[in-house]
A.B. asks: 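Here you go, one structure.
We name chains A, B, ... by the order of the sequence lines, and we start the count at 1 in each one. Computed from a predicted model, the values in this text were never measured in an experiment.
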Number of protein chains: 2
Amino acid sequence: MLDTITASRNDDVIAREWAEASLAIVASPRQPAIESMLQGVPVQRRGVRRKQTLFYAGQPCHSLFLIHAGVFKTTVLSEDGRRKITGFHLRGDLLGMDSFGAPVHACDAVALDTGEVWEIPLATLRDHAPELLPHVTTMLASEIRRDWNWMLTLGTLNAEQRVVAFLLDFAARVEALGFSARHLLLRMTRADIGNFLALQLETVTRILSRLAATGLIVVDGREVRIEDAGALRRMLVH
Amino acid sequence: MLDTITASRNDDVIAREWAEASLAIVASPRQPAIESMLQGVPVQRRGVRRKQTLFYAGQPCHSLFLIHAGVFKTTVLSEDGRRKITGFHLRGDLLGMDSFGAPVHACDAVALDTGEVWEIPLATLRDHAPELLPHVTTMLASEIRRDWNWMLTLGTLNAEQRVVAFLLDFAARVEALGFSARHLLLRMTRADIGNFLALQLETVTRILSRLAATGLIVVDGREVRIEDAGALRRMLVH
DNA sequence: CGGTGGTTTGAATCCGTTCAAGAACCGTGG
DNA sequence: CCACGGTTCTTGAACGGATTCAAACCACCG
């Protein structure tokens with residue numbers, strides 16, 4: 001993957017171009033920018049149904065998957081069966097990157113509702129869009145920074161603050177996709193949220209009820225309306 | 001070499017080569033893989049003292065730093081002052097990767113004792129060793145997998161198990177560098193360990209005392225001798 | 001020496017978990 | 001259409017593991 005090489009061009013030239021491209025890219029907020037870069041690249045569009053697994057950890061990985069619609073979760077699993085959700089993913093996110101340089105996938109990717117992904121075989125990436133590779137590197141780096149931020153959140157905030165952080169993060173992400181930041185439709189269960197935030201599902205429920213009781217949000221099942229984003233944000237200030 | 005593949009070779013061959021290359025990186029023997037790849041690359045050797053900060057979050061980043069000696073910690077900081085250690089780093093680890101594609105560093109890097117780093121300006125990387133960039137991508141991906149594993153550990157194990165996981169991880173890493181896996185010299189404080197594991201320093205102290213009381217380890221300040229690695233490993237099975 | 005940073009241990013407290021039970025929801029099939 | 005079983009969500013009460021607060025100890029160093 002990291003090879004990109006056609007017979008006519010030599011390694012040094014390719015590598016230098018790659019380096020320049022990487023250095024030129026500045027951290028960009030989330031956007032389906034990748035989608036527009038795939039002009040002329042033959043991708044395989046693939047519909048997925050709720051609860052369908054896109055790929056399993058341990059499976060050979062030969063493609064990246066660009067989310068075009070739907071919400072996904074990725075999970076890691078320990079030998080003794082402990083499972084942890086490592087993230088929720090929306091349109092524009094790239095699934096499978098984390099296995100770069102590895103022969104098999106490191107996580108499971110599961111659709112939380114019906115959706116569509118664009119499958120990009122690594123061979124296609126290499127042959128048709130090698131200029132995209134630096135972007136993958138950049139996205140990997142920003143994934144690390146995102147993970148670190150969640151580590152910070154989980155490691156230093158209490159249960160209530162974690163749930164609030166989750167809601168605000170989700171709101172910001174759907175807003176960046178052009179949807180309302182006020183009306184959230186959580187596609188995941190309370191158990192999923194709890195797993196991600198290192199809390200029990202009962203704790204998540206209780207906290208949502210409490211927030212609703214104080215009027216900061218309105219909860220109706222998986223629909224959450226944010227009534228006072230400012231107050232929520234202030235709760236995160238330690 | 002990951003980047004010498006021509007279009008004529010099929011995925012299987014490529015995948016196998018990746019696997020071999022990545023395994024070679026992960027299972028680095030005494031001589032860290034990256035170090036030997038820097039033959040002929042003009043790096044700047046730089047000594048650091050205990051508690052010295054290599055770079056701060058927010059600083060413009062124009063170099064990677066390869067650890068040649070010493071132990072470092074990287075930390076992220078929230079706006080309201082919460083700080084979290086994102087990792088401890090040994091010889092062969094590359095610091096600053098996570099800022100790839102970003103104009104400034106995302107974390108602080110602090111030396112826990114005297115050490116030496118090889119500073120590799122990004123410009124140098126581009127001009128003298130562009131073939132190293134794919135390795136950076138691979139290392140970024142494996143950093144993500146490492147982070148996910150710690151998320152799993154912190155999210156699903158109790159305090160005692162986390163401390164045990166920390167000790168075993170540290171032991172495995174120093175062993176991979178050619179040192180004894182039995183005699184650990186923890187360079188970080190109890191507060192550092194606690195911060196990394198999302199525990200209070202008193203909890204870390206108590207657990208080390210308890211493990212010592214049951215004879216699984218011997219503790220003398222920052223020196224820890226592992227007496228029964230098997231029993232420790234068994235404690236991690238949920 | 002006193003001072004500082006780090007470690008250890010105890011006792012009381014509290015936050016989130018655990019266990020339990022019931023309600024609401026949803027797709028499926030009779 | 002409603003009955004059904006399974007999943008998800010909600011709420012209560014009791015419990016317990018980790019935190020918090022406090023005090024003492026130690027090593028090191030200016």
A.B. asks: Measuring to OP1 and OP2 of D/dT11, would you say a side-chain N or O of A/Thr205 lies under 4.0 angstrom away?
C.D. replies: no
A.B. asks: For the residue pair B/Asp192 and B/Leu112, establish whether any side-chain heavy-atom pair is separated by less than 4.5 Å.
C.D. replies: yes
A.B. asks: Run A/Glu223 and A/Arg225 through salt bridge (Lys or Arg N to Asp or Glu O under 4.0 Å) and show every step you take.
C.D. replies: CA-CA 7 Å; A/Glu223 283 185 67; A/Arg225 193 147 40 93; over 6 Å; no
A.B. asks: Please check if the side chain of A/Asp113 supplies one atom and the backbone of A/Gly70 the other of a donor-acceptor pair under 3.5 Å.
C.D. replies: no
A.B. asks: Side chain to side chain contact (heavy atoms under 4.5 Å, CB included) with B/Leu152: which of A/Val76, A/Ile85, A/Leu77, A/Thr75?
C.D. replies: A/Val76
A.B. asks: Expressed in angstrom and rounded to an integer, what is the separation of A/Arg187 atom CZ from D/dT8 atom P?
C.D. replies: 16 Å
A.B. asks: Round to a whole Å and report the spacing from CG of A/Leu201 to P of D/dT10.
C.D. replies: 10 Å
A.B. asks: Donor-acceptor pair, A/Arg222 side chain versus A/Leu186 backbone, under 3.5 Å?
C.D. replies: no
A.B. asks: Are the aromatic rings of A/Phe55 and A/Phe65 close, with centres under 6.0 Å apart?
C.D. replies: yes
A.B. asks: Can any side-chain N or O of A/Asp147 pair as donor or acceptor with the backbone N or O of B/Trp148 at less than 3.5 Å?
C.D. replies: no
A.B. asks: Taking any atom closer than 4.0 angstrom to a non-hydrogen atom of chain B, what span of DNA chain C does the protein reach, first nucleotide to last?
C.D. replies: C/dG6 to C/dA11
A.B. asks: Not counting sequence neighbours, list each pair that qualifies as a side-chain hydrogen bond (donor to acceptor under 3.5 Å, both in side chains) and has a residue in residues 161-173 of chain B.
C.D. replies: B/Asp93-B/Arg173
A.B. asks: Can you give one letter per nucleotide of nucleotides 16-30 of chain D, 5' to 3': B if a protein heavy atom sits under 4.0 Å from the base, S if only from the sugar-phosphate, - if neither?
C.D. replies: --SBBB---------
